[in-house]
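Keep in mind that the numbers below use all heavy atoms, side chains included, and drop hydrogens, waters and symmetry copies.
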Amino acid sequence: MAVPKLRFKADDGSDYPEWNDFTKLEDISAFITKGATPTTYGFDWQPNGVYFFRNDCIKNNVFVYGDYSFIAEEANKFLQRSEVTGGDIVIAITGDIGKVGLIPSEVKKANINQHLARVRIVKDAFPYFVYMYLCSDKVQRTYKKIKTGLSMPQLSLAQIRDTNIPVVSLPEQQKIAEFLSTIDTVIAKQRETVFAWEERKKGVMQKLFSQEVRFKADDGSDFPEWEEKKIDDLFYKVNERNNGQFGKDKWISVAKMYYQDEDKVTSNNIDTRTYVMRVGDMSFEGHPNKEFKYGRFVVNDIGDGIISELFPIYRHKENYILKYWKYAIQVDSIMQKIYRKSITSSGASSNKLDDDDFKRQSILVPCLAEQQKIADCLSSLDEVIETQKATLAAWEELKKGLLQQMFV
């Protein structure tokens, strides 16, 4: 086996034994199994009780609880084979296969669904050491190569049980685990910092757009009251066909505008049935999800390009501050409320804007100078958040490099 580039030494300065052998994961674990769906066996979900985790409890190889539910103690006892507790390792066996999480110590009793496998280390290894090894590129690449499912990639329990784990002395395992655990603690604290700043921004946005907090003009005077305007006074709908002036490299998607994601463009998602979208144009996606219960509005601030004809495009009739509108449409009390009013009054059963009714809805708009103040304030918060995210990314990259040197 390959020799790790990064090794620890014993407390007396001597070398630990060489890594020259592997053992199977099943040989150091209790029986490796997967979960099940309680409702299949007649058990209902509960308002509280025993945690029940799904495979979204793992994000970037970190346990995050996810969209958990609760089951009764009776159901957990029936599904006892797949019960998990702090220190157990869970592995996704369908979908994004191979992602790994370590159940935190505060979880005393929980259960999992059929898309997760449970690994409980019982001898010759520390759970944290095994968890870190399973997170390494070496193991993750191996898992990603496995595609036994017909409709989606799947990992079988046999393949997990057969995973090779290096035989490493317990004292060295402990040093590795303690070292990486320290790095993980720093990363976790940095994630909390990012989250805290994002929550502060949300709070500031709510106060600004509800007018609980108002800015003053540079000379100390009050800005004018926000003016109520109909959508029809602010925007007009455009259907500017793309006649070949923009190619695939100018494809604009909702995700790209909202998250600044770099979407991959294929021949399947771009054709001649596209509209031209200019900087500052607004559009709407009517596909609700956990994050956007009523769909979402987006403003194009990434450049002129083309967007699918499925999305309506609205263009400003008067002067505006682009960054202000970028923030304004993210606040539930403004554009999302406008959308809900539109579909409610139109009686629409699908998540599509009734254009005529949408134009009749009203919105409160500050003057341009106050729009600029609001945009500058929120942009400053975004700069702080991006800096904190960059620090988080640097720590995560450092950890990734350390894993590559420890587990070659």
Inter-residue atom distance [X].[atom1] - [Y].[atom2], 0.5 Å rounding:
X      : Y      : atom1 : atom2 : result
Ile374 : Leu378 : CD1   : CG    : 7.5 Å
Gln46  : Glu73  : CD    : CD    : 11.5 Å
Ser169 : Lys175 : OG    : NZ    : 10.5 Å

Kindly state whether the ring of [X] and the ring of [Y] have centres lying under 6.0 angstrom apart.
X      : Y      : answer
Tyr133 : Tyr131 : no
Phe129 : Phe407 : yes
Tyr324 : Phe209 : yes
Tyr314 : Tyr236 : no

Salt bridge [X]-[Y], side-chain N to carboxylate O under 4.0 Å:
X      : Y      : value
Asp232 : Lys317 : yes
Glu318 : Lys229 : yes
Lys9   : Glu172 : no

Start with the C-alpha distance between Lys216 and Asp222, add both sets of side-chain angles, then the distance that settles salt bridge (Lys or Arg N to Asp or Glu O under 4.0 Å), and finish with yes or no. CA-CA 5 Å; Lys216 299 271 188 183; Asp222 292 332; 2.4 Å; yes

Donor-acceptor under 3.5 Å ([X] side chain, [Y] main chain):
X      : Y      : answer
Gln114 : Gly35  : no
Thr40  : Ala36  : no
Lys108 : Ser105 : yes
Arg118 : Glu83  : yes

So with a 6.0 Å cut-off around NZ of Lys34, is the heavy-atom count from everything else above 12? no

Show every ring-ring contact (aromatic ring centres under 6.0 Å, His included) that has at least one partner inside residues 24-43, sequence neighbours left out.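 Sorted result for residues 24-43: Tyr41-Phe78, Phe43-Phe78.
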
Run the numbers on Arg81 and Thr33 for side-chain hydrogen bond (donor to acceptor under 3.5 Å, both in side chains), then give the verdict. CA-CA 7 Å; Arg81 190 180 69 167; Thr33 186; 3.2 Å; yes

Ignoring hydrogens, what is the shortest heavy-atom contact between Ala375 and Ile321? Give both atom names and the distance. CB-CG2, 4.2 Å

Below 30° counts as parallel, above 60° as perpendicular, anything between as tilted: where do the rings of Phe53 and Tyr65 land? perpendicular

Picking from Ile71, Thr37, Asn76, Ile112, what satisfies side chain to side chain contact (heavy atoms under 4.5 Å, CB included) with Phe52?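 Only match with Phe52 under side chain to side chain contact (heavy atoms under 4.5 Å, CB included): Ile71.
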
side-chain contact (heavy atoms from CB on, under 4.5 Å) against Lys207, all qualifying residues, sequence neighbours excluded: Glu212, Val213

